[in-house]
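Reviewing the structure listed below.
Only heavy atoms go into these numbers, but all of them, side chains included; no hydrogens, no water, no symmetry mates. Every chain is numbered from 1, with letters handed out A, B, ... down the list of sequences.
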Number of protein chains: 2
Amino acid sequence: MLQNKTRIALVDDHPIVVEGLEKVLSVVKHMKIAGRFTNGKDLLSFLNYTAVDIVLLDITLPDINGIDLCKSIKTNFPQIVVLALSNLSNRGIIIDVLKNGASGYLLKNVSRDELVSSINTALRGEIVFSQDVKEIISSPQLTNFPETARLTTREKEVLGLIALGKTTAEISGLLYISKFTVESHRKNLLQKFNARNVAELIRMATQQGFL
Amino acid sequence: MLQNKTRIALVDDHPIVVEGLEKVLSVVKHMKIAGRFTNGKDLLSFLNYTAVDIVLLDITLPDINGIDLCKSIKTNFPQIVVLALSNLSNRGIIIDVLKNGASGYLLKNVSRDELVSSINTALRGEIVFSQDVKEIISSPQLTNFPETARLTTREKEVLGLIALGKTTAEISGLLYISKFTVESHRKNLLQKFNARNVAELIRMATQQGFL
DNA sequence: ATAAAAATCACTGTTTTCAGGGATAGCAAA
DNA sequence: TTTGCTATCCCTGAAAACAGTGATTTTTAT
């Protein structure tokens, strides 16, 4: 029944992880590894001449951003199911991935069983998350989502200086602007990241890739 | 020649990675996987009643810090070779790991071949690094480099709460200790990370893998 | 057993942040 | 041309952080 096996493509920049996925999935009877890749470009060209049912996709890749890659796959091959598998536990990223057509999101610490059952669920057309991801998604205050904050140039500048440990007075001196202006930017940063103080601000900004 | 095989213990919080390592190493004739673990505690108790030659050790673990775990292993079982395998590409961490007795440091993007040859090299008593790590170590400004801070359990706890945006008063309430105590920990954290304020503290702590 | 390290608590005074108000000017898109 | 966004500037008062110093108790390791 070769023709009935689920054809899986693996993409992860860590060869070791690819091996692990292959090992776990190869023992599942109805699954077949159709291709393994450590970058996005190779996967895309592979998909042009080989049919696969599902792509297990890492978000952190050397060449293409996993989110964009997901979008490309779904645009060019809408029938392919994409399941994200990443270390990134950032709520905004998870949502972005889903927005771009992924059928689910797994953290890399999934167990073998959870991995297999998640693939099966995704193949049935359902959206699937690993346990940890569910918690992240249903985290408190799901209103006013912290989807990646949109910062102005000046705000990014100020944010960088805050992260370096500069005080408002110092930043005002460095940028040749009044301390009140810096305080404004500070307030806006706290608000945009929904943070109570700089500690949380820096954590959020780091998680969202600003630092 | 069972008795001559190299006995390997694997520690990584990601089951998939453990599978991958196992798959890669199991095809090497003279190697044998003696144990697989996803946390440090289990490994330590295992070592008490089973002899192994080398431990492949992830730095990010759910219970114990990989650096401390390395130290424990080398203290209690000096003959065991420890080879660190991590995603963390921070120079200070690498140096700390080596200081605590590791025989080398590999990034998780090592190739299969590099992994096997590195293990062999480490077993011969040499220090070994993956290609990327070599570059990090020989990077500019090797003077005044912030080595990883050594934090106590309580300090890590407080640090985590600070990163969540909790104030001193809140932390004192959460941990059932006086606000003065929290202030002490705070001061020590700032000092250990050589930070001027929480903003810098959080950045440093993140860079060094504490958050 | 004892020394070292960690965790706890205490006080004072200064600096900085944060929350809450506003205001003005420039610029670009609708 | 109005509307919205960015960047700038201003003030106040309360809350929090930070610096400096010191001490006691508890745990851990040798």
Beyond-backbone contact of Leu115(B) with Leu21(B), side-chain heavy atoms, under 4.5 angstrom: yes
Under-3.5 Å donor-acceptor pair between Lys187(B) side chain and dT21(D) base: yes
Pair Thr168(B)-Arg186(B), side-chain donor/acceptor within less than 3.5 Å: yes
Which nucleotide in dC9(C), dC18(C), dA7(C) has an atom nearest any side-chain atom of Arg186(A): dC18(C)
Between dT16(C) (P) and Leu190(B) (CG): distance, integer Å: 14 Å
Flag for His14(A)-Asp58(A): side-chain donor and acceptor within less than 3.5 Å: no
dA7(C) OP1/OP2 closer than 4.0 Å to side-chain N/O of Thr181(B): no
Whether Phe37(A) and Phe46(A) hold their rings parallel, tilted or perpendicular, with breakpoints at 30° and 60°: tilted
hbond_proxy Ser184(B) side chain to dC9(C) base (donor-acceptor, 3.5 Å cutoff): yes
Of the listed nucleotides dA7(C), dT17(C), dT8(D), the one nearest the side chain of Thr153(B): dA7(C)
Whichever of Arg196(A) and Ser178(A) has its nearest DNA chain D nucleotide further upstream toward 5': Ser178(A)
Closest nucleotide among dC11(C), dT16(C), dC11(D) to the Glu183(A) side chain: dC11(D)
Distance, rounded to the nearest Å, where Glu157(B) contributes CD and dT8(C) contributes C1': 14 Å
Phosphate contact (dA17(D) OP1 or OP2) by Thr168(B) side-chain N/O below 4.0 Å: yes
Among dA7(D), dT16(C), dA19(D), the one nearest Arg154(A) by side-chain distance: dA7(D)
OP1 or OP2 of dT8(C) under 4.0 Å from side-chain N/O of His185(B): yes
